[in-house]
Number of protein chains: 2
Amino acid sequence: MQQLPARGARRGPAPPARHHVPRPAPHDAGGGGAMPAHAIVLDALRPIGTAAGIRRGRLVFAEGEPAAHWYWLASGAVQVCGFAEDGKRHVAELVLPGDLFGLEACARRGAAAEAVRDAVVVAYPRARAEALVDADPRLARAFREIACGRLHRAQACLLRLGRAGALGRVASFLLEMGERCRRGADGAVDLPVTRDDIADYLGLTSETVSRALTELRRRGAIALPARRSIHLADPAALALAKEAGR
Amino acid sequence: MQQLPARGARRGPAPPARHHVPRPAPHDAGGGGAMPAHAIVLDALRPIGTAAGIRRGRLVFAEGEPAAHWYWLASGAVQVCGFAEDGKRHVAELVLPGDLFGLEACARRGAAAEAVRDAVVVAYPRARAEALVDADPRLARAFREIACGRLHRAQACLLRLGRAGALGRVASFLLEMGERCRRGADGAVDLPVTRDDIADYLGLTSETVSRALTELRRRGAIALPARRSIHLADPAALALAKEAGR
DNA sequence: CGTGCCTTTGAAGCCTATCAACGGTCGTGG
DNA sequence: CCACGACCGTTGATAGGCTTCAAAGGCACG
């Protein structure tokens, strides 16, 4: 159990990381099968995991860095993202609690991973993790399932970015979050990200995201009870808005 | 060796498919390692593969269809794509000769695969292929490498779609094709796709793609010796144009 | 209680989609 | 071999959507 090399940063200063071993997976990315692939992999990897706290704005790993670990997000939120030369950011993947991330095949990271909320991650040394996976076909299959599922999600994002306008992207995003996020007591979705983060994820600006949310609220599709809380009042209306081209 | 269920279609009628067993991989998606992952997987899968010809415009598989096979593209070109309700298409992945595709984790296809040129594909029954992979850790690792590499490419596409404008997307696309395509005798890249296909891949229209190409030619970054041939005269200029935001 | 950051709203401008037309090329059939 | 037709590519004009620039209110945190 040792401190991770949590390098880089953009926002505020960085207090020392917390250390504690998180409990097993809070949810299983619905695989339908008998035992979810996520649970199989996490069970097997737990013995070699080390936990660390990452403050908001800090990087779990940077682009170009050696890919020495696989990661599991215990709490908080992480974005896998790239940076343009002018400092602009684009988010390739939104990582929520319970998700694995940083599963690179190459020697070096193709993108950075930034904590967008204070997060607790568990790191698994890649060499040891791969050895474990190699030794157990059942585990290998579960991992394969996760990797292909991740590819599927990325392609869904591509389809969304390619053909949908601002309203459609935001509506689609909300529906995705409705499925992936744990709902609050009143059924509202607690967004783990700011408007800026959403914008970078959808290839928009925060102003446009705000306008789209306002429009959806005007239509009665959603309600915004609190800053980070969104109530999906009319999923059908959202699904309809999703189809709106640009 | 039997006929594949090549359903669906858009363009012209469909003559009978050709049947022949293609030779081993014409190229190895540069893994750097001793033996490329592609070669390992293809060697192992060859015994259970059946070849089939797919005419341009026909589907290799349709969205929602059971994912019963893995595929390898021997020749031609294939696009993994989704269709909107209004008939608009967006391409999630461009498959070139030598690539594996259709590696779904779910029971059903999340997107369709359309031949954009007359193609020859080799199909591997998924159950038998997975059994083979399960039985050989070395094979499993190679397959994992391919899957993660594919995810990496998809995320690169996401970054491109998210932050680049038309000129940047086209420049980026040309550089990608320059790396993935086999060059002609004069060093020109032979594009396997039409302007329309490029547009659907980049989330643009064919007119905008055409304008971007004209602009790049005006800048001296490229030359267009023939309809489907593009000479990358100044890769540095292309890399520069790639960074152009919208 | 003060200070940032986040969010929302407004106005102007650029970029891209859309509609339209034309020339060129390829494939087909006479 | 030639002629025709369909498709592909290019270029222009217009409209619409999104980004950008700007400013103000609100909530959270110190």
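Note on naming: letters A, B, ... go to the chains in the order of the sequence lines (proteins, then strands), and numbering restarts at 1 for each one.
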Rounded off to whole Å, could you give me the [atom1]-to-[atom2] distance for the [X] and [N] pair?
X	N	atom1	atom2	result
B/L204	C/dT18	CG	P	11 Å
A/R117	C/dC5	CZ	P	17 Å
A/L216	C/dT7	CG	C1'	16 Å
B/R56	D/dA6	CZ	P	15 Å
B/R195	C/dG23	CZ	P	19 Å
B/E207	D/dT14	CD	C1'	13 Å
B/R163	D/dT20	CZ	C1'	19 Å
A/I198	C/dC6	CD1	C1'	12 Å

Between the base of D/dG12 and the side chain of B/R211, is there any donor-acceptor pair under 3.5 Å? yes
Just jot down the side chain to side chain donor-acceptor pair (under 3.5 Å) partners of A/R169, sequence neighbours excluded, or say none. none
OP1 or OP2 of [N] sitting under 4.0 Å from any side-chain N/O of [X]?
X	N	result
B/T208	C/dA17	yes
B/T214	D/dT11	yes
B/R227	C/dT25	no
A/K88	D/dT20	yes

Using a cut-off of 4.0 Å on non-hydrogen atoms, how would the nucleic acid contact of A/T194 be classed: base, sugar-phosphate, or nothing? sugar-phosphate
Salt bridge present between A/R219 and A/E215 (N-O < 4.0 angstrom): yes
Nearest-neighbour nucleotide for the B/L213 side chain, D/dT10, D/dT19, C/dA17 considered: D/dT10
By nearest atom, which of the nucleotides C/dT16, D/dT11, C/dT9 is closest to the A/S210 side chain? C/dT9
d(A/E65 CD, A/L59 CG) to nearest 0.5 Å is 8.5 Å
Do B/R108 side-chain atoms and B/G64 backbone N/O form a donor-acceptor pair below 3.5 Å? yes
Backbone N or O of A/T194 within a donor-acceptor pair of the A/D197 side chain at under 3.5 Å? yes
